[in-house]
Amino acid sequence: MKKYIKQLIKLINYERDAEIELMTNEIKNLSPKKRESLGRAINKVKGKYLGKQLGSQIVQFGRSEKIETEISVGDMVLISTGYPLKSDLTGTVVEKGARFIKVAFEKSIPKWALKKKVRIDLYANDVTFRRMEDNLLHLSTKGKNALEYTLKKRDPKENKKEKYIEFIDKSLNNSQKNAVKNAVNTENFFLIHGPFGTGKTRTLVELIQQEVRQNNKVLVTAESNSAVDNILDRLSQNKKLKITRLGHPQRVSKENIQYSLAYKAENHQLTSKINKNYKRIEQISETRDRFTKPTPQYRRGFSDSDILFNASKGKGGRGISPSKMESMANWLLENEKIDEIHDKIKKLENKIVKDIINSSEIILSTNSTAAIEEIARTNFDVVIVDEASQATIPSILIPLAKARRFILAGDHKQLPPTIISEKAHFLEKTLFEELIKKYPKKSSLLNVQYRMNSFLMKFPNSEFYNGNLKSDSSVNDINLDEIIDLKELTHLKENDVEKQLHNNLKPLLFIDTSNLKNNEEKHLKDSKSIINQSEADIATSIAKFYLETGIDPKDIGIISPYSDQVNLIKDKIPVEVKSVDGFQGREKEIIIISTVRSNENGNIGFLKDLRRLNVAITRAKRKLIVIGNKNTLKRNSTYSKLIKFCAKNDLLINFRYT
Ligand SMILES: Nc1ncnc2c1ncn2[C@@H]1O[C@H](COP(=O)(O)OP(=O)(O)OP(=O)(O)O)[C@@H](O)[C@H]1O
């Protein structure tokens with residue numbers, strides 16, 4: 001166990017180094033313009049100080065040119081003029097508009113940041129790594145237990161007796177109810193396996209409330225802030241619950257700010273007392289500053305007690321006059337009063353935090369923030385973790401170290417956490433996956449999906465979920481007719497590709513590009529990523545067709561596993577274009593996938609990770625279009641099955657330019 005923990009610490013250090021190296025190299029090697037086009041920098045903005053908000057200083061950076069960026073609310077950014085790596089001014093993004101971005105700072109803001117030509121860069125965050133390492137170094141018995149289950153060094157005991165549960169959300173389906181029942185009754189841990197669109201969040205919201213009914217204090221976490229807010233959005237509909245959301249108030253969504261610890265603290269009854277004390281400090285400071293501050297230059301080696309002693313005797317010394325000595329002593333006495341008030345303030349602040357945490361039934365935070373001092377000594381009866389299949393073991397151990405019982409929700413058939421370092425790939429293994437493989441009986445599958453047309457579910461269901469999923473009647477037959485302007489289609493002929501793009505009997509289409517002459521994969525200079533121009537053109541023209549038929553751009557998504565291909569398509573069409581990771585946990589009415597790979601030897605690179613395929617093909621609700629070179633992809637058995645499935649159902653289009 002000790003060895004295992006040591007190994008984990010080594011791996012997080014590799015990953016931290018890799019993340020920082022990647023960022024520094026990019027800043028060094030790419031022009032500011034290029035980095036902006038990748039969405040990781042914003043150039044030539046002007047800063048304007050807006051004032052204080054929840055303890056942070058807010059600056060708005062803006063310009064007349066539109067800002068299009070991947071940098072989003074909650075991200076840490078580096079502010080600079082000229083060369084970013086020389087600056088150490090970092091802040092957190094609070095708000096994003098079309099032509100501005102607001103950033104919150106913890107420390108005072110230098111004048112240069114409020115001028116023109118400021119540059120903002122997305123920044124790697126070191127705090128998370130430090131928290132993981134610290135937690136591992138001092139792992140609690142509870143955390144060790146979780147690891148022992150994972151390593152099969154300890155077996156979970158069977159449950160004793162069943163608790164009676166009256167469901168709050170009456171419309172939960174049976175598999176959801178089952179999951180809640182099993183989770184509430186577990187003495188140690190339970191796993192909720194929730195594939196795409198199966199109501200994981202809804203199930204967790206019921207579970208959390210049931211735990212509260214059992215008088216349990218609940219810690220709820222997820223890897224991302226958006227998942228935490230998603231749960232909070234739904235939990236907060238029950239006004240009786242006492243909820244506190246931890247985390248930097250700037251990272252909490254606006255609607256949920258009232259639940260944040262910082263907001264609650266600011267509005268706590270004792271806060272007025274603190275403010276009075278600060279006023280008192282101001283007054284005393286004024287008095288104090290009328291006296292001489294005993295700086296090294298004035299005190300000439302005398303200690304504080306020497307100064308006080310000499311002054312009490314009316315003496316000077318070492319060339320200091322008696323009156324100067326007395327003035328320094330007065331300064332010290334006044335300053336002591338200030339220190340005492342500061343101590344008082346600290347105690348009051350601690351009392352406020354303790355008060356808020358103790359009176360909360362539910363504490364919500366990200367895995368990383370669960371490490372903060374404010375809940376270090378809180379006793380939780382249970383911890384519930386969402387997105388558990390996207391958290392590394394060092395990360396999930398932060399919340400798991402806080403309660404004996406734990407419930408994890410996730411889907412190990414979708415993408416694991418992203419790890420950059422070649423040497424740290426082991427971190428992709430998640431606790432959720434290890435446990436569900438070792439203790440399948442300690443898991444429940446949510447088996448009804450509410451996202452997609454039942455035909456679209458067929459292939460992923462049989463390939464990744466042993467055919468155990470069903471689709472709910474509300475989505476069984478959903479199709480494009482409800483969102484498309486049918487008038488725009490009347491001129492189309494039966495054999496037109498466009499006709500197929502609408503055909504409701506064909507929710508899935510595979511567009512084969514193997515017969516296209518110029519269809520080839522290519523590396524851009526100095527890039528490991530790949531592009532495929534023909535596929536980019538096809539994806540763009542399909543998206544254009546849908547836009548012309550009146551479909552809202554928000555309802556269309558283009559996915560490509562390769563970042564250069566994403567960038568190539570992004571500039572051409574006003575719909576969301578992202579990598580597979582960028583779409584995990586999300587959905588669109590129509591999804592177009594560009595698989596990119598096109599080569600003779602069947603090399604499909606990281607498409608081989610079938611979890612990537614699963615995520616990509618399960619985002620669409622009504623129509624899914626996969627563009628790819630059949631001959632390259634079919635060398636892989638699963639892709640080959642997908643192509644055969646399409647061929648069998650007459651969904652394969654052999655694409656040629658007309
Ligand atoms: N029992 C149910 N009855 C009706 N609709 C449901 C039920 N459970 C979930 N849904 C609907 O299914 C959709 C997905 O639910 P939810 O957001 O809870 O799922 P999720 O599993 O967290 O999603 P994801 O796939 O992104 O992880 C929502 O629109 C939700 O209202």
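In each ligand, atom 1 is the first atom listed, and ligand 1 is the first ligand listed.
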message = If you count heavy atoms of other groups shown closer than 6.0 angstrom to NZ of K648, is the number above 12?
response = no
note = The side-chain contact (heavy atoms from CB on, under 4.5 Å) partners of Q209 (sequence neighbours excluded) come to I168, V205, L235, N238, L241
For each nitrogen or oxygen atom of ligand 1, which protein N/O atoms lie closer than 3.5 Å, and how far apart are they, rounded to 0.1 Å?
unit_1, atom_1, unit_2, atom_2, d
ligand 1, 1 (N), S171, O, 2.8
ligand 1, 1 (N), Q176, OE1, 2.9
ligand 1, 1 (N), Y450, OH, 3.1
ligand 1, 5 (N), R202, NH1, 3.3
ligand 1, 8 (N), Q176, NE2, 3.0
ligand 1, 17 (O), R234, NH2, 2.8
ligand 1, 18 (O), T201, N, 3.4
ligand 1, 18 (O), R202, N, 3.0
ligand 1, 18 (O), R234, NH1, 3.2
ligand 1, 19 (O), G199, N, 3.2
ligand 1, 19 (O), K200, N, 3.4
ligand 1, 21 (O), G199, N, 3.1
ligand 1, 21 (O), K200, N, 2.6
ligand 1, 22 (O), T201, N, 3.0
ligand 1, 22 (O), T201, OG1, 2.4
ligand 1, 25 (O), G197, N, 2.6
ligand 1, 25 (O), R451, NH2, 3.2
ligand 1, 26 (O), G585, O, 3.3
ligand 1, 27 (O), K200, NZ, 3.4
ligand 1, 31 (O), R202, NH1, 3.3

key: By side-chain contact (heavy atoms from CB on, under 4.5 Å) - contacts of S529 (at least two apart)   = S527, Y562, S563, D564
inquiry  = Checking R586 now: which residues fulfil side-chain contact (heavy atoms from CB on, under 4.5 Å) with it, not counting sequence neighbours?
reply    = E576, K578, F583, K588
Lys/Arg cation over aromatic F645: K458, 6.0 Å, 45° cone = no
inquiry  = Please check if the number of heavy atoms outside K163 that lie under 6.0 Å from its NZ is greater than 12.
reply    = yes
